[in-house]
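Here is the structure we will look at.
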Amino acid sequence: SFVGTYKKESEKEYTEFKGEQYFKDDYTNVTPTILGKIGENLHNVPSHPLCLLKERIHACLEGFTHYDSFSPVVKVRDNFDRLLIEPDHPGRSKSDSFFFNRQHMLRTHTTTHELDVYEHRNIDKFTITADVYRRDEIDSSHYPVFHQMECVHLLDRSEIAKNAAHATHHPSKTPAGLVVSDPTSELSKLSESNPIQSEHSIEEVEIVAYQLKATLNHILYQLFAESAGSGDSTLEIRWIEAFFPFTSPSWEVEIFYQGAWLEVLGCGILKQKILDQAGRSNSMGWACGLGLERLAMVLHKIPDIRLFWSKDARFLDQFQASDKTLAIFRPFSKFPPCTRDIAFWCSSLEFEANDLFDLVRDIAGDFVESVSLIDSFVHPKSGRKSMCYRIVYRSMDRNVTNEEINVLQMQLREQVRDRFQVELR
Ligand code: FA5
Ligand code: MG
């Protein structure tokens, strides 16, 4: 069904990536749109806002080694199992992640590659920047490919214990011109819901967690001080408890932006079991995963996540490596949207919204701005479910005509009917 991207060899279909063949099975769900994004590596394109952000964060981190070229195709085992992600975790399902087959997938987070570094390189402080892939909804802050930066700092356990008694807690310095409001300025209490690991002492955790918070606050303060330029600026951030299978305790950092709290990173104290299994039992450490698009959108006031994929000079030329302060995005156009609804009856309960979202992306590419369920009900007699989705089409760089959208919508209707076995209304 993936016309053009799959080849047949003695009745077995496979797809090829970097000279490797991945044979199709019942898990295969990578789409042509997604295959087309692999290799763009926006985080390595000079003067691209994601690349500039990567470099700005690197500049805040002393003594770290930076990796940004790991292959996006990883073993399912490395993305999930070896990070202690439970067998029933939703991310493992076909509806949430992109699989080549049951063994190989597109990474869903940069945490996967911590294992590569632990095992193959004798490095204690490093970052990993990469494109990551998730099946998700369609709107201005969600795109099936986005970028993360992992930061990891391992400490020698004997050193931590030795220094515990003399640990001095200097709060991270707030740069001039930046007013920081942090309603949770103490790390959330180490509570039952966010426990330390049995392998660790409370003193060790306090020291490592303190370093974690100091480092991440330092990065955020530096970035937002730059965005403030010379004027006064405020940064409202908060640290909240979180849960990840590979860290404990764990936290997330949120920034108050456009009237709501926006999550920009997840972090925590690495599970000792993972370090032990990777041959690093003498170390203890912290890790975080930063969402680069989210941070770049806040810093540059970029309103739509699709813009990062734009080839339009009116977007790209706004960002230069030589910029002294962070550029504030100047909208070059807002073209009118074109809205179409699609409604259908489905008799099976197997319809997955993410399948529809991927299909819309395949047909309409970046013309699709959002897809939302506007109505659904169950017919009292037949028991069939009716659903109506609203699709907003809009180009970031030109006017779209009703005629061309009609063509796309017609293709969408036909394929929805044929693939999902639904009855169009
Ligand atoms: C993770 O991916 C963890 N691997 C992070 C981590 C690393 C925790 C190391 C502990 C130790 P999460 O799914 O929350 O966590 O994603 C991390 C960040 O990526 C989010 O805070 C957010 O900023 C960004 N992000 C997540 N989903 C999306 C999305 N669909 N679009 C844009 N950014 C996203
Ligand atoms: Mg999260």
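Index from 1, following the sequence. Whatever order the structure lists ligands and atoms in, that order sets their numbers, starting from 1.
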**Prompt:** When only distance counts, is Gln148 in polar contact with ligand 1, meaning an N/O pair under 3.5 Å?
**Reply:** yes
**Asked** About how large, to 10 degrees, is the angle OE2 of Glu263, then the Mg ion (ligand 2), then OE2 of Glu252?
**Response** 80°
**Request:** With heavy atoms under 4.0 Å as the rule, classify the contact between Leu265 and ligand 1 as side chain, backbone, both or neither.
**Result:** backbone
Can you give the donor-acceptor pairs under 3.5 Å from side chains of residues 256-271 to other protein atoms, not counting sequence neighbours?
residue	atom	partner	partner atom	Å
Lys271	NZ	Pro245	O	2.6

**Request:** For Asp136, take its heavy atoms, then give the atoms of ligand 1 lying under 4.0 Å from any of them.
**Result:** 30 (N)
**Asked** When the aromatic ring centroids of Phe344 and Phe351 are compared, is their separation below 6.0 Å?
**Response** yes
**Prompt:** Taking heavy atoms and a distance under 4.0 Å, where does Cys288 meet ligand 1: side chain, backbone, both or neither?
**Reply:** backbone
**Request:** Report the part of Glu263 in contact with ligand 1, treating N, CA, C, O as backbone and CB onward as side chain, heavy atoms under 4.0 Å; options are side chain, backbone, both, neither.
**Result:** both
**Message:** Out of all atoms in ligand 1, which are within 4.0 Å of some heavy atom of Phe246? Include the element for each.
**Reply:** 3 (C), 4 (N), 6 (C), 8 (C), 10 (C), 11 (C)
**Prompt:** Quick one: which ligand 1 atoms are inside 4.0 Å of a heavy atom on His142?
**Reply:** 30 (N)
**Asked** Which of the atoms in ligand 1, numbered in the order shown and given with their element, are less than 4.0 Å from a heavy-atom of Val264?
**Response** 21 (O), 23 (O)
**Message:** For ligand 1, which is the ligand I care about here, please tell me if Tyr143 has any N or O atom under 3.5 Å from one of the ligand's N or O atoms.
**Reply:** no
